[in-house]
Amino acid sequence: MPQSAAIIGGIQQLVLYETRARYFLVGSNHAQTKHRVLKIDRTEPKDLVIIDDKHVYNQQEVRELLGRLDQGNRTKIGQKGSSGLSRAVLAFGIVGFVRFLEGYYIVLITKRRKMADIGGHFIYKIEDTTMIYIPNDSVRVTHPDEARYLRIFQNVDLSSNFYFSYSYDLSHSLQYNLTLLQRPYEQWSSAASSTEEEVHTQSKQDSFDIFEDEGLPTKVVYGLYNEPYYKYVWNGKLLERVKDIVHHDWLMYIIHGFCGQSKLLIYGRPVHITLIARRSSKFAGTRFLKRGANCEGDVANEVETEQVVHDASVMSFTAGSYSSYVQVRGSVPLYWSQDISTMMPKPPIRLDQADPYAYVAGLHFDQMLQRFGSPIIILNLVKKREKRKHEKILSEELYRAVVNLNQFLPPSHCIDYIAWDMARYTKSKLCNVLDRLSMIAENVVKRTGFFINRSDFYCHTLRPDERWGDVGGHITSTGRLQTGVLRTNCVDCLDRTNTAQFMVGKCALAYQLYALGMIDKPKLQFDTDCVRLFEELYEDHGDTLSLQYGGSQLVHRVKTYRKIAPWTQHSKDIMQTLSRYYSNAFSDADRQDAINLFLQVYQPSEAKPHLWELPTDLYLHQTSTMAIPQDRRSYTLWWSEGVLSYLPVPYDEVPCEENMKKVKVKRMNQLDESIDIYTEFFKPYELTSFDDTFCIAMTNSAREFMPKTVGADPNPFTVRKPEETGKSVLGSKSSKEETVLQRKTAASAPPPPSEEAISSTSEDDSEEDREDEGTVSQRSTPIKLLTESGESSRTQEEVFQHHMAKEPYGLNLAEFPSEDDLLIYQRFAHLGESQHRVERTEHINPANIICLEPVSRFPEDSIYAVLPPQVDKNSREVFESHVMTGQGQVRALCREDMLMYREYIKNRYM
């Protein structure tokens, strides 16, 4: 058991009870062994009065309390017909409390659905919510505009892509959450002593134990409760009113964006690939109404995308293998906008405010340095050559801002800037977009590295890969840390950005699988089950984010840039373009009002004009328009204090005094339910079925993508034809179309990593483009269907017989093996002959004939024999106890059994 563990949310089920004067919210953990009660006053017409006694009740105490409330609120003593306490709603969490012009509402989650599982920590999606008006009808003061505000607030569909977790902090990355748990005990001693007084007061009730005379001490574990990263929390303002009043178990923070998980089966070994996108709640809005950045450095459409890969055969965070990679998208960090009053498909871009010292860009990149470390790599995909200046305006200004900021940073931590006109490359028939993106992705992943919580495998030392040694990041004793991040942007940060992020994620996925020991080389090819599964995840991710910001799904997908999309895709693209235009022109204003109201950027008041009467929401998001800043940050020292001293490691992950204040530490029992993720995941106290478990229902590479033919290679890293996959991406096609498809698929395969340096400036002249076109055109040469002179002597009849000799098991045994396979077979046969000669010769020492270095740690491991695995004493005792129990012979209880039974009795009945 680790010395520290995250505290699981103690309130996962809620029941709202109603009387005429009070609401009683009874919350319990999933096992219903610990309960808390929240009392909400209904007699205040406009104020929120909440009482939390901070007491933990057991099941019997809660029943008695509700019984007394029922008796006390009846109109007549002894009356049984009408109860004084009625059950109103069953819920799974509190979204928050909100008030418009009348009294307060409480927003409760009434339906949820499991979306992902990371190390036994479930991530849920909100399926349905309910809003309940708190004040009683007798004291309600009506207002004519209340209903309109209520409709605007409910335009934010909480059942659409809002996520939460009881035991995992979704606002932080996996690297942050696991780094928090891996800090040594000495780091917590000071924090624990500050909360020792709180622990001591609670220990009188918590430490009561009927077995304390047995002399069986239990191990102490430090339970950790960390503050969320409020930038990605969407109900922070809704909970702000009660945050300091109620116990933190009542507070449940939700994120907005995307969450998807798929299972990759590698010869039966499950590997879960999870994609989590966190949309920023700062400067949030719709496409044309939120562009650029605000005065605090928050940019529009900022989304942090994290891909988590872990071996699902081991659940624990401490014993399992987990890896993650983070990248960011966001609008260009400048003061710019587009005028939508002209009703044009592409309104002109204008710079609203001059910023010669890149003040706003400095604030934005300061946030990124604190959260991600260095290097920060900008991939700018906007157009650079246009007849009329449109997107080029942003590219020029962003380049100037980066140059201005870099002159004050140390050279080792400068911001890298890569400008590449992706749209221009797409229009060229000779250039392949994904080839160039794969080269950029390889360079980026090597610079930033990725996170993994385990050290390198021994096989990486025996069979080193040349690319593995160049991977950057911060190497620790327990694994690797990602330092720095890739920030991708185009104008909308939708279509081009999603494809670029997919290519970078695909490159990072290869390194993650290699680090986990799943593949022998850090490289993945297109048209494999693994990449198809990953591509489907990223397309769902792109469609969801595009709907949230642009009003339609993606227009250009990965298949579009690979140039293998079916002809029906063009009509779909046209419909998505029209849908996006309609949404931007007619519905975005209402959606923006709803977001402003939900995030409490605008709070209704009698003294202010109504939300729908405002000509613009500029001053709501730009605080400097309403007040003069007292202290302005330096133009040269534009970063926060202390950030540079820890680079390249991000400042937020450093165990300094400021960060330690954000963590609450509590001394807990090792077997306490609040930190027992095993009980939280497997739920041994309730009846479950394998068919109903989440891991059975999730997308499976073997079920969804592997061919259904008998004898198909189950390897998910085998390149397959489109018609062979379990989920066809193109459907049936003619033979001519298949030949063209094979040609384009081969052209889209990632090339071997090139040593060509990627330009980090905004100048990408025509000579470089012509050189790239030449290299791509060589790779895009059509595949020859006939072999060279060595095989040209075969007659057409022999070739026809070879094609007809297809075995029913899917193997073409009559096909001639390749030269490489023949060479391998000849070497194997030669070694076999030498081995037999050695065995027949008595006086010859085999060590003088052939010297082979052992590559295995087993004492005996060859083609002739292998030693059985050694079973340790503890495992043997566990197995023997199971066998004895099956025979009816129960062994004597040991100390661990007594501890487990003691905790079970205490949690269940005390």
Side-chain angles (χ1 to χ4, degrees), residues 45-48 94-107 129 131 133-134 141-158 160 162 230-243 253-256 279-302 331 335 337-338 340-341 352 548-549 551 583-584 586-629:
K46 292 189 177 182
D47 197 10
L48 182 63
I94 303 174
V95 176
F97 299 86
V98 63
R99 176 182 178 271
F100 307 125
L101 296 172
E102 297 180 5
Y104 274 88
Y105 296 83
I106 181 174
V107 186
T129 58
M131 286 185 69
Y133 189 68
I134 294 177
V141 179
T142 59
H143 195 283
D145 295 319
E146 179 76 9
R148 186 168 182 178
Y149 276 114
L150 183 60
R151 286 196 303 269
I152 294 174
F153 184 87
Q154 292 175 339
N155 278 343
V156 175
D157 187 6
L158 283 170
S160 175
F162 283 88
Y230 286 101
K231 184 176 184 178
Y232 298 113
V233 172
W234 276 65
N235 64 334
K237 291 290 185 180
L238 300 180
L239 293 174
E240 192 175 36
R241 180 73 173 76
V242 300
K243 184 175 65 172
Y253 297 101
I254 64 175
I255 66 167
H256 184 39
R279 179 173 292 280
S280 173
S281 61
K282 309 294 184 183
F283 204 52
T286 54
R287 185 185 178 199
F288 286 131
L289 297 178
K290 285 293 165 285
R291 293 294 209 189
N294 64 3
C295 61
E296 297 177 357
D298 303 309
V299 298
N301 195 22
E302 183 175 7
S331 187
Y335 286 120
S337 63
Q338 288 180 277
I340 59 174
S341 60
D352 298 330
Q548 293 167 6
Y549 183 67
S583 175
N584 299 152
F586 300 105
S587 62
D588 275 6
D590 295 336
R591 290 173 55 210
Q592 184 65 58
D593 288 344
I595 292 173
N596 291 338
L597 190 60
F598 183 84
L599 294 175
Q600 296 288 282
V601 177
Y602 173 86
Q603 297 182 5
S605 173
E606 295 283 358
K608 295 192 298 187
H610 293 302
L611 180 61
W612 51 87
E613 296 175 351
L614 299 177
T616 178
D617 65 347
L618 174 67
Y619 77 96
L620 299 177
H621 297 270
Q622 307 279 355
T623 55
S624 62
T625 59
M626 302 301 293
I628 300 176

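Numbering of residues begins at 1 and proceeds along the displayed sequence.
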message: Strictly distance-based, threshold 3.5 Å: is any side-chain N or O of Tyr549 a donor or acceptor partner for the main-chain N or O of Arg287?
response: yes
- prompt: How long is the gap from CG on Asn235 to CG on Leu599, to the nearest 0.5 Å?
  reply: 10.0 Å
Nearest-0.5 Å distance, OG1 of residue Thr286 to CG of residue Asp590: 10.0 Å
message: So, using salt bridge (Lys or Arg N to Asp or Glu O under 4.0 Å) as the criterion, who are the partners of Asp157 when residues are at least two apart?
response: none
Residues Asp47, Arg241: salt bridge by 4.0 Å N-O rule: yes
task: Give the intermediate values and the outcome of salt bridge (Lys or Arg N to Asp or Glu O under 4.0 Å) for residues Lys290 and Asp617.
output: CA-CA 10 Å; Lys290 285 293 165 285; Asp617 65 347; 2.9 Å; yes
- line: dist Gln592:CD -> Leu611:CG (nearest 0.5 Å) comes out at 9.5 Å
message: Using a 3.5 Å distance criterion without hydrogens, assess whether the side chain of Gln338 forms a donor-acceptor pair with backbone atoms of Phe288.
response: no
message: Could you check whether any side-chain N or O of Ser281 sits under 3.5 Å from a backbone N or O of Val233, counting only pairs where one atom can act as donor and the other as acceptor?
response: yes
query: Given Tyr230 and Glu240, is the side chain to side chain contact (heavy atoms under 4.5 Å, CB included) satisfied, shown in steps?
result: CA-CA 11 Å; Tyr230 286 101; Glu240 192 175 36; over 6 Å; no
- request: May I ask you to check whether His143 and Tyr149 show a side-chain donor-acceptor distance below 3.5 Å?
  value: no
- request: Indicate the ring-plane relationship of Phe162 and His256, choosing parallel, tilted or perpendicular according to the 30° and 60° boundaries.
  value: parallel
Side chain to side chain, Arg99 and Lys46, heavy atoms closer than 4.5 Å: yes
Between Asn301 and Ser331, a side-chain donor and acceptor under 3.5 Å: no
message: For the CZ atom of Phe100 and the CG atom of Asp145, what is their distance to the nearest 0.5 Å?
response: 12.5 Å
- line: Taken to the nearest 0.5 Å, the spacing of Ile595 CD1 from Leu289 CG works out to 9.5 Å
field: Check against side chain to side chain contact (heavy atoms under 4.5 Å, CB included), Leu239 and Val95
entry: CA-CA 8 Å; Leu239 293 174; Val95 176; over 6 Å; no
query: Would you call Asp298 and Ser280 a side-chain contact if the rule is heavy atoms closer than 4.5 Å?
result: no
task: Would you confirm whether Asp588, through its side chain, and Arg591, through its main-chain N or O, come within 3.5 Å as a donor-acceptor pair?
output: no
- prompt: At their closest point, which heavy atom of Trp234 faces which heavy atom of Ala284, and how far apart are they?
  reply: CH2-CB, 3.9 Å
statement: Shortest non-hydrogen pair, Val107 vs Thr129, comes out as CG1-CB, 4.4 Å
Validation row: Tyr133, Ile106 side chains within 4.5 angstrom (heavy atoms): no
message: Run Leu158 and Phe598 through side chain to side chain contact (heavy atoms under 4.5 Å, CB included) and show every step you take.
response: CA-CA 10 Å; Leu158 283 170; Phe598 183 84; 3.6 Å; yes
task: Please round to the nearest 0.5 Å and tell me the distance separating atom OH of Tyr335 and atom CG of Asp352.
output: 10.0 Å
- request: Just do the side chain to side chain contact (heavy atoms under 4.5 Å, CB included) check on Val98 and Met131 with the steps written out, would you?
  value: CA-CA 10 Å; Val98 63; Met131 286 185 69; 4.0 Å; yes
statement: All heavy atoms of Ala594 vs all of Val156, minimum pair found to be O-CG2, 3.4 Å
task: Please check if the side chain of Gln600 supplies one atom and the backbone of Leu597 the other of a donor-acceptor pair under 3.5 Å.
output: yes
query: Salt-bridged, Lys231 to Glu302, with N to O below 4.0 Å?
result: yes
message: Ring centres under 6.0 Å, that's the criterion: do Tyr104 and Phe97 meet it?
response: no
Atom of His610, atom of Leu101 and distance for their closest heavy-atom approach: CE1-CD1, 4.2 Å
- request: Establish, for the pair Lys608 and Tyr602, whether the NZ or CZ atom is under 6.0 angstrom from the six-membered ring centre and no further than 45 degrees off its axis.
  value: yes
message: Give me the atom names and distance for the closest heavy-atom approach of Phe283 to Val299.
response: CD2-C, 3.8 Å
Quiz item: cation-pi between Arg148 and Trp612, 6.0 Å / 45°: yes
- prompt: Under 3.5 Å, is there a donor-acceptor pair between the Asn596 and His621 side chains?
  reply: yes
